[in-house]
Amino acid sequence: MVNNSGANRLNIRHRPRRIRQHPQLRRMTRETMVTPADLIYPLFVTATEPGPIPSLAGQERHTIDSLCREAEAASQLGIPAILLFGIPSQKDEAGSGAYDPDGIVPRALQRLKSEMGSSLVLIADVCLCEYTSHGHCGILDAECAGRNEVLVLNDETVELLARASVVYAAAGADLIAPSDMMDGRIGAIRHALDENGFAETPILSYAAKYCSAFYGPFRDAADSAPRFGDRRGYQMDPANRREAIHEVELDIEEGADAIMVKPALAYLDVIREARHRFNLPLAAYNVSGEYAMLKAAVEKGWLDEDRTITEVLTSIKRAGADWILTYHAREYAERIFPKVVSADT
Ligand code: PBG
């Protein structure tokens with residue numbers, strides 16, 4: 001508790017350690033604390049085989065029943081929102097499962113809404129990649145099929161995304177979250193929602209979404225890895241920060257109500273800059289690869305799980321994110337947060 005004998009032999013003036021000695025003073029000095037209210041819990045619902053996701057230890061492909069149970073548990077723990085991804089029974093070239101009113105996501109939304117009412121914010125991820133047979137985020141130009149240069153047709157895709165958004169809003173989604181990175185989709189989705197009686201339904205834009213290697217485990221979970229080519233023709237180059245600011249500006253101009261940076265950990269500088277420049281709620285997505293990497297090291301016994309999770313989530317909030325999308329949401333709220341509150345972790 002006391003530094004040496006309390007004497008100041010070296011005549012040191014500034015001693016930042018003074019403030020770190022008393023455990024309660026440390027608690028009072030803590031600048032950032034992640035609470036369950038900061039978290040959004042991504043969940044997968046499937047029209048095919050339910051069960052654990054091997055690459056995402058502890059996460060599952062849910063049936064609508066098990067999804068409802070997980071959502072209820074999350075809500076009880078103080079988590080305010082879930083983000084829903086669907087795995088359809090069939091995929092096709094046009095990703096038609098994404099905008100089928102009887103598709104897996106609309107059915108899940110209807111059930112969740114009727115069971116949970118307004119106790120949980122239901123966020124619908126909008127993208128075609130879980131629904132297309134080729135695994136890309138939109139309609140492909142016929143010329144490029146099978147080749148390595150992939151061209152996703154922008155405007156044709158945007159029309160389908162707008163259609164899917166209206167279907168999800170009608171099924172009970174409280175927030176529409178397009179993750180495709182097509183140009184002009186925020187404006188088109190806003191227009192379609194307004195025209196169809198959903199002027200009050202907000203949009204969370206995946207505004208700065210990078211072409212990241214950290215999505216690997218998600219693509220396993222959703223069976224959405226591109227069959228050929230990659231997503232570099234529509235997702236952003238990880239090397240670019242100014243471009244991210246431009247993307248966010250455009251989405252705000254087109255009517256986004258909240259913005260997202262994705263992934264989170266390798267992009268904390270982008271989160272920080274977006275926080276400074278924009279005044280909308282800012283989300284950051286702690287993606288599947290970030291989660292899987294941590295879990296794998298924990299399994300090896302190389303990292304202390306709860307401390308590492310806390311440090312990761314705290315860093316994202318400290319960088320400036322208001323909302324953190326994370327697969328750790330439930331375990332953080334349930335097992336870790338009580339320790340953080342009592343300053344054990
Ligand atoms: C759909 C989508 C992806 C993720 C969220 N929405 C995958 C992708 O772009 O390939 C990734 C989420 C994660 O890795 O946790 N476009």
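On a predicted model such as this, the values are computed, not experimentally measured, just so you know. Side-chain atoms are counted along with the backbone in the values below, which use heavy atoms only and exclude waters and symmetry mates. Whatever order the structure lists ligands and atoms in, that order sets their numbers, starting from 1.
- Counting atoms of ligand 1 from 1 in the listed order, those under 4.0 Å from a heavy atom of Y285 are 12 (C), 15 (O).
- One hydrophobic cluster holds both L280 and Y267 under the rule that ILVMFWY side chains link at heavy-atom gaps under 4.5 Å.
- Residue D180 places every heavy atom at 4.0 Å or more from ligand 1.
- If you look at S288 next to ligand 1, the close heavy atoms, those under 4.0 Å, come from the backbone and the side chain alike.
- Inclusion of E130 in the set of residues having an N or O under 3.5 Å from an N or O of ligand 1 is not warranted.
- Counting atoms of ligand 1 from 1 in the listed order, those under 4.0 Å from a heavy atom of R231 are 8 (C), 9 (O), 10 (O).
- Checked for salt-bridge contact, K295 and E331 meet the test: a charged N lies under 4.0 Å from a carboxylate O.
- Proximity of the aromatic rings of H136 and F228 is defined here by a centroid distance below 6.0 angstrom, and this criterion is met.
- Among pairs with a residue in residues 91-117, none fulfils ring pair (Phe, Tyr, Trp, His ring centres under 6.0 Å), at least two apart in sequence or across chains.
- Each of the following atoms of ligand 1 lies closer than 4.0 Å to a heavy atom of C129: 1 (C), 16 (N).
- Listed by number with element, the atoms of ligand 1 under 4.0 angstrom from any heavy atom of V287 are 13 (C), 14 (O), 15 (O).
- Linking ILVMFWY residues whenever their side-chain heavy atoms come closer than 4.5 Å, directly or via other members, leaves Y234 and L250 in distinct clusters.
- Remark: distances from the non-hydrogen atoms of Q235 to ligand 1 include one below 4.0 Å.
- Atoms of ligand 1 lying under 4.0 Å from at least one heavy atom of Y327, given by number and element, are 12 (C), 13 (C), 15 (O).
- The D125 neighbourhood of ligand 1 comprises atoms 6 (N), with distances under 4.0 Å to a heavy atom of that residue.
- Comment: R185 does not engage E254 in a salt bridge, judged by the lack of any side-chain N to carboxylate O separation of less than 4.0 angstrom.
- Here L56 sits in one hydrophobic cluster together with I40, F44, I53, L83, F85, I87, V121, I123, L175, L204, Y206, F214, Y215, F218, M260, Y285, V287, Y291, M293, W323, L325, Y327; the rule is ILVMFWY side chains under 4.5 Å apart, joined directly or through other members.
- Under 4.0 Å from ligand 1, not a single heavy atom of Y291 appears.
- Applying the 4.0 Å criterion to heavy atoms of S179 picks out, from ligand 1, the atoms 1 (C), 2 (C), 6 (N), 16 (N).
- Looking at K262, M260, K209, E290 and measuring to atom 4 (C) of ligand 1, the nearest heavy atom belongs to K262.
- If you check which protein heavy atom lies closest to atom 10 (O) of ligand 1, you get R219 NE, 2.6 Å.
- Counting heavy-atom neighbours within 6.0 Å of E311 CD, excluding the residue itself, gives a total of 12 or less.
- Taking every heavy atom of both residues into account, P263 and Y210 meet most closely at CD-CB, 4.1 Å.
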